[in-house]
Amino acid sequence: MKMKIFQTICRQLRSSKGFSVESTALVAFSTSSYSCGRKKKVNPYEEVDQEKYSNLVQSVLSSRGLAHTPESLLEKDALLYGPVVRHKPPRQDEGTRMPQNWFPIFNPERNDKSNASDPSVPLKIPLQRNLIPSVTRVLQQTMTKQQVFWLERWKQRMILELGEDGFKEYTSNIFLQGKRFHEALESILSPQDTLKERDENLLKSGYIESVQHILKDVSGVRALESAVQHETLNYIGLLDCVAEYQGKLCVIDWKTSEKPKPLLRNTFDNPLQVVAYMGAMNHDTNYSFQVQCGLIVVAYKDGSPAHPHFMDEELCSQYWAKWLLRLEEYTEKKKNQNIQKPE
């Protein structure tokens, strides 16, 4: 009501001559209770007692300045994140390391002419059990920590699924299947007149069906299940077969697998095993010929086509260097074990 009276007075004053009212007067004479009662906003930082906290601010700023030294930074990092783990230099790969005691895989005293003789009966030299380590033992004793970890993990998983007794039965069956597979191959690759009786049941397995396309390219068998010994490097082994594969004389290693292994690297240490046999046979006086190639054949129980992994002379030489490193590692490990034994 008061506002309406005020507006009426203003209109009358405007209409009168020689008198004017500025628009700012309306604001100056405002009697609104809202504008008068509104509280002024207060900045919360203005309420802080600056003098009271000045010492704290000064100490924080001074400590920050002191922290920018190598020693104090290391101490702070150790407190916040734990002790510093020093970066380890990258492990030198076996492919770049060379054996300390080099010995050639091939025998310079045996030439290619020695390969021309094709014995009618394949050699089968029995393995003499003695104190000389076998190729299999050397490889088992020098597995990497990663190989041991995955092998142990697989074993524990199988025990959880099958139980202790079930796992023993499983491994026993795997060994028996592998043994029968090698017996069947020996029966197939041996001359017919040397076999008194062929076990036809052995020839009906899925493994034999798996390698049929490989056997078509195998000829000129020189040795079957025959022992080799490297007198200089001091190790022995029992190779599966020495024969020509697609016209090239090879040490052939027959393997069985439940999983496909289409690549050579899927065979793990099998290439080292093959070249170890090659190097020993090429320097074994029981053999007059020399082998420069290797072949790993992975057969499958379901009869699916086996995977052949051919190793030429260059590839065999590369794996031979790795085998020599494993052999040196085994020798060093045995030496340390003998030193630590109590008298």
Side-chain angles (χ1 to χ4, degrees), residues 92-117 119 122-123 125 127-128 132-144 218 220-255 264-265 267-297 308-332:
Q92 193 174 19
D93 186 73
E94 287 185 352
T96 60
R97 289 194 297 136
M98 293 299 294
Q100 296 180 0
N101 300 318
W102 177 261
F103 197 91
I105 182 174
F106 304 116
N107 191 343
E109 297 180 0
R110 296 184 188 179
N111 52 34
D112 295 337
K113 294 181 179 180
S114 61
N115 291 340
S117 60
L123 293 173
I125 301 173
L127 181 65
Q128 301 294 331
I132 300 177
S134 66
V135 173
T136 304
R137 181 173 181 81
V138 171
L139 293 176
Q140 287 177 345
Q141 294 293 321
T142 57
M143 287 192 299
T144 63
V218 176
V221 181
R222 308 291 184 87
L224 285 172
E225 299 294 330
S226 189
V228 292
Q229 179 173 345
H230 203 302
E231 294 184 356
T232 305
L233 297 179
N234 199 35
Y235 68 86
I236 59 175
L238 186 67
L239 56 82
D240 292 343
C241 177
V242 177
E244 292 184 7
Y245 174 71
Q246 296 181 348
K248 296 184 178 180
L249 193 63
C250 301
V251 169
I252 304 177
D253 199 28
W254 308 98
K255 297 295 183 183
L264 182 62
R265 65 171 178 265
T267 62
F268 303 106
D269 284 341
N270 292 153
L272 302 182
Q273 187 176 19
V274 169
V275 298
Y277 293 154
M278 287 176 56
M281 195 203 68
N282 289 340
H283 295 86
D284 192 330
T285 55
N286 291 314
Y287 301 88
S288 61
F289 50 86
Q290 179 161 230
V291 179
Q292 294 181 328
C293 300
L295 179 68
I296 300 173
V297 181
H309 302 291
F310 178 76
M311 302 166 58
D312 59 13
E313 182 177 348
E314 181 180 357
L315 191 57
C316 288
S317 298
Q318 294 176 10
Y319 278 106
W320 173 253
K322 295 181 179 181
W323 159 250
L324 292 180
L325 289 173
R326 296 283 287 270
L327 189 61
E328 288 180 358
E329 182 182 347
Y330 174 83
T331 303
E332 187 67 22

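Sequential numbering from 1 along the given sequence is applied to the chain's residues.
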S.K.: How close do S226 and L123 get, heavy atom to heavy atom, and via which atoms?
M.R.: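 Distance-wise, the nearest heavy atoms are CB-O, 3.7 Å.
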S.K.: Could you go step by step and tell me if W323 and Y235 meet the ring-ring contact (aromatic ring centres under 6.0 Å, His included) rule?
M.R.: CA-CA 12 Å; W323 159 250; Y235 68 86; 5.1 Å; yes
S.K.: Strictly distance-based, threshold 3.5 Å: is any side-chain N or O of E328 a donor or acceptor partner for the main-chain N or O of Q100?
M.R.: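 Present.
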S.K.: Quick check: do I236 and L127 have side-chain heavy atoms less than 4.5 Å from each other?
M.R.: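 In contact.
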S.K.: Working to the nearest 0.5 angstrom, can you tell me the gap between F103 CZ and L324 CG?
M.R.: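 It is 9.5 Å, given to the nearest 0.5 Å.
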S.K.: Roughly how far, to the nearest 0.5 Å, is CD1 of I132 from CZ of R137?
M.R.: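 Those atoms lie 13.5 Å apart.
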S.K.: Side chains of T136 and L238, heavy atoms from C-beta outward: is any pair under 4.5 Å?
M.R.: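 A side-chain contact is absent here, since even the closest heavy-atom pair is not under 4.5 Å.
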S.K.: Any chance you could measure W254, atom CH2, to L295, atom CG, to the nearest 0.5 Å?
M.R.: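 Reported to 0.5 Å precision, the distance equals 7.0 Å.
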S.K.: Using side-chain heavy atoms (C-beta onward) and a distance below 4.5 Å, is M278 in contact with W320?
M.R.: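 No, every pair of side-chain atoms sits at 4.5 Å or beyond.
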S.K.: Should the pair R222 and F289 be classed as cation-pi, given the thresholds of under 6.0 Å to the six-membered ring centre and 45° from the axis?
M.R.: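 Verdict for F289: a cation-pi partner in R222.
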S.K.: Once side-chain hydrogen bond (donor to acceptor under 3.5 Å, both in side chains) is applied, do any residues pair with T142, and if so which ones, sequence neighbours excluded?
M.R.: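 Expected list: R326.
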S.K.: I need the minimum non-hydrogen distance between P133 and V138, along with the two atoms involved.
M.R.: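 Nearest pair, atom of P133 first, then V138: CB-CG2, 4.1 Å.
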S.K.: Quick one: ring pair (Phe, Tyr, Trp, His ring centres under 6.0 Å) partners of Y330, sequence neighbours excluded?
M.R.: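 If we apply the ring pair (Phe, Tyr, Trp, His ring centres under 6.0 Å) test to Y330, skipping adjacent residues, there are no hits.
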S.K.: Determine, stepwise, if the pair K248 / F310 fulfils side chain to side chain contact (heavy atoms under 4.5 Å, CB included).
M.R.: CA-CA 10 Å; K248 296 184 178 180; F310 178 76; 3.8 Å; yes
S.K.: Nearest heavy-atom pair of Y287 and A223: which atoms, and what distance?
M.R.: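 Answer, listing the atom of Y287 first, then A223: CE2-CB, 4.3 Å.
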S.K.: Out of the candidates I105, N282, L249, only one should pair with Q290 under the side chain to side chain contact (heavy atoms under 4.5 Å, CB included) rule; please name it.
M.R.: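 Going through I105, N282, L249 one by one, the side chain to side chain contact (heavy atoms under 4.5 Å, CB included) with Q290 is satisfied by N282 alone.
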S.K.: With a 4.5 Å heavy-atom cut-off, do V251 and Y245 have their side chains touching?
M.R.: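 Side-chain contact under 4.5 Å: no.
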S.K.: Does the side chain of V242 come within less than 4.5 Å of V291's, by heavy atoms?
M.R.: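 In short, these two side chains touch, coming nearer than 4.5 Å.
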S.K.: Heavy-atom distance under 4.5 Å between the side chains of L139 and Q273, does that happen here?
M.R.: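 Yes, their side chains come closer than 4.5 Å.
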S.K.: Quick check for you: to the nearest 0.5 Å, what is the distance between C293 atom SG and M311 atom CE?
M.R.: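 The CE atom of M311 is 9.5 Å from SG of C293, to the nearest 0.5 Å.
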S.K.: To the nearest 0.5 Å, tell me how far M281 CE sits from Q229 CD.
M.R.: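 It is 14.5 Å, given to the nearest 0.5 Å.
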S.K.: Taking all heavy atoms of V274 and all of G294, pick out the closest pair and write down the distance.
M.R.: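 Nearest pair, atom of V274 first, then G294: CG1-CA, 3.9 Å.
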S.K.: Taking side-chain hydrogen bond (donor to acceptor under 3.5 Å, both in side chains) as the test, write out the residues that go with N286, two or more places apart.
M.R.: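 Only D284 meet the side-chain hydrogen bond (donor to acceptor under 3.5 Å, both in side chains) criterion with N286.
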S.K.: Any non-hydrogen side-chain atom of Q292 less than 4.5 Å from a side-chain atom of C316?
M.R.: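 A side-chain contact under 4.5 Å is absent here.
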S.K.: Working to the nearest 0.5 angstrom, can you tell me the gap between K255 NZ and D240 CG?
M.R.: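 Answer for the NZ-CG pair, K255 versus D240, is 6.5 Å.
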S.K.: Side chains of D253 and L239: closer than 4.5 Å at any heavy-atom pair?
M.R.: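 Of all side-chain heavy-atom pairs linking L239 with D253, none is under 4.5 Å.
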S.K.: Search all heavy atoms of Y277 against all heavy atoms of V228 and return the closest pair with its distance.
M.R.: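 So the minimum-distance heavy-atom pair works out to CD2-CG2, 4.1 Å.
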